[in-house]
Novice: 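For reference, the structure I am asking about is given below.
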There are 2 protein chains.
Amino acid sequence: MKMPEIDDFDLKILTLLQANGRLTNQELSDLVGLSASQCSRRRIALENAQLILGYHARLAPQAMNVEMVAMIEVRLVSHGVEHAERFQRIVVEESAIIDAYKTTGDADYTLKTAVADLASLNQLMGRLFASNCIGHIKTAVVLERIKENSVLTH
Amino acid sequence: MKMPEIDDFDLKILTLLQANGRLTNQELSDLVGLSASQCSRRRIALENAQLILGYHARLAPQAMNVEMVAMIEVRLVSHGVEHAERFQRIVVEESAIIDAYKTTGDADYTLKTAVADLASLNQLMGRLFASNCIGHIKTAVVLERIKENSVLTH
DNA sequence: GGTGAAAACATCCAAGA
DNA sequence: TCTTGGATGTTTTCACC
């Protein structure tokens with residue numbers, strides 16, 4: 001689990017695996033110019049160093065019937081610890097919440113949510129309000145996905 | 001590329017692959033209760049039906065030196081087609097922009113961006129403004145990632 | 001950092017339910 | 001029609017160079 005020196009080969013492996021997480025070591029070998037066993041070893045080292053956190057299939061929204069995305073900005077009723085903790089617990093439990101960030105600015109938190117339809121979104125907001133720790137919510141429904149989950153680049 | 005009937009086995013395969021995109025067909029076999037060859041066939045069918053859009057390694061932010069996330073709300077100067085098209089072209093080109101959504105509400109677009117630091121964020125905003133199609137920007141810097149890229153559930 | 005071999009794996013196909 | 005198990009080529013990974 002030690003932090004390895006990360007060279008250009010590693011960077012290329014990271015970039016390639018981010019674009020295609022099922023590349024074989026043999027395919028990586030051709031693409032980066034190292035032997036397959038070397039790619040295997042480097043990949044495992046990157047995983048152990050927690051630079052690769054996981055591998056995931058990206059699903060079409062309709063695969064899970066969550067074709068509606070909404071961005072929700074939340075302001076808590078107070079900035080006390082107990083309200084923040086209660087809210088964060090709900091955020092973690094709610095499977096419709098994909099991203100949750102504590103942010104600077106007018107809102108305290110910004111959420112990205114994926115639901116089936118407006119009725120589900122309404123129910124989700126009801127559950128959030130029911131926690132009695134939310135002062136104000138501003139919701140923006142996504143009309144068009146211009147770009148989504150694009151790869152990180154250096 | 002036809003749309004298959006999606007049964008509980010398929011749903012389980014989708015869920016498992018979303019959580020671990022490198023599961024082997026043999027591992028899937030144990031987890032869903034079908035033979036490995038059957039899992040292989042179903043997985044390929046789900047890929048062909050575009051319900052699985054791809055497989056990706058999830059990287060640690062520090063792997064690509066983009067440890068700062070900011071949410072940016074953009075309002076265009078006008079709602080004319082030429083401004084929208086110019087803005088969307090920039091959004092697609094800018095690799096720091098991870099998500100870009102056209103939304104309802106005060107803003108026209110909501111962006112999620114990943115950059116190295118405040119200086120890079122400042123430069124990014126400069127490039128956005130330089131397009132002369134932006135009327136107003138509201139930026140919220142992420143202080144804490146409560147939850148990120150969690151799996152879609154039905 | 002590469003090689004080669006053993007074990008594990010993916011996928012195709014024939015045949016059964 | 002949907003599923004299975006075995007055959008075959010591929011891939012991973014490890015000891016060794």
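Throughout, protein chains are lettered first and strands after them, A, B, ... in sequence-line order, and every chain is numbered starting at 1.
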Novice: For L53(B), which fellow cluster members are found when Ile, Leu, Val, Met, Phe, Trp and Tyr are connected by side-chain heavy-atom distances below 4.5 angstrom, either directly or through intermediates?
Specialist: none
Novice: Taking E85(B) for the side chain and E82(B) for the main chain, is one N or O donor matched with an acceptor at less than 3.5 Å?
Specialist: no
Novice: Check this for me, if you would: do D99(A) and R145(B) make a salt bridge, where the nitrogen-to-carboxylate-oxygen distance has to be below 4.0 angstrom?
Specialist: no
Novice: List every contact pair, protein side and nucleotides 10-12 of chain D side both N or O, where the distance is under 3.5 Å.
Specialist:
from, atom 1, to, atom 2, distance (Å)
dT11(D), OP2, Q26(A), OE1, 3.4
dT11(D), OP2, Q26(A), NE2, 2.0
dT12(D), OP1, N25(A), N, 3.3
dT12(D), OP2, N25(A), N, 2.7
dT12(D), OP2, Q26(A), N, 3.4

Novice: Can you tell me if T15(B) uses its side chain to pair, donor with acceptor, with the backbone of L11(B) under 3.5 Å?
Specialist: yes
Novice: Is there any protein nitrogen or oxygen under 3.5 Å from a nitrogen or oxygen in nucleotides 1-4 of chain D, and what are the pairs?
Specialist:
from, atom 1, to, atom 2, distance (Å)
dT3(D), OP1, R42(B), NH2, 3.0
dT3(D), OP2, Q38(B), NE2, 2.4
dT3(D), OP2, R42(B), NH2, 3.2
dT3(D), O5', Q38(B), NE2, 3.0
dT4(D), OP2, S35(B), N, 3.1
dT4(D), OP2, S35(B), OG, 3.2

Novice: Applying ring pair (Phe, Tyr, Trp, His ring centres under 6.0 Å), name anything that partners Y109(A), two or more places apart in sequence or on another chain.
Specialist: F87(A)
Novice: Are side-chain N/O atoms of D108(A) and H79(A) paired as donor and acceptor at under 3.5 Å?
Specialist: yes
Novice: May I ask you to decide whether D7(B) forms a salt bridge with K12(B), counting only side-chain N to carboxylate O separations under 4.0 Å?
Specialist: no
Novice: May I ask you to decide whether R43(A) forms a salt bridge with E47(A), counting only side-chain N to carboxylate O separations under 4.0 Å?
Specialist: yes
Novice: Looking at five pairs on each end of the helix from dG1(C)-dC17(D) to dA17(C)-dT1(D), what is the angle between the two axes, given to 10 degrees?
Specialist: 30°
Novice: Return the value, rounded to whole Å, for the distance between atom CG of L46(B) and atom C1' of dT11(C).
Specialist: 16 Å
Novice: Applying ring pair (Phe, Tyr, Trp, His ring centres under 6.0 Å), can you list everything that pairs with Y55(B), at least two apart in sequence or on another chain?
Specialist: none
Novice: Considering only NZ, NE, NH1 and NH2 on the basic side and carboxylate oxygens on the acidic side, decide whether D106(B) and K138(A) come within less than 4.0 Å.
Specialist: yes
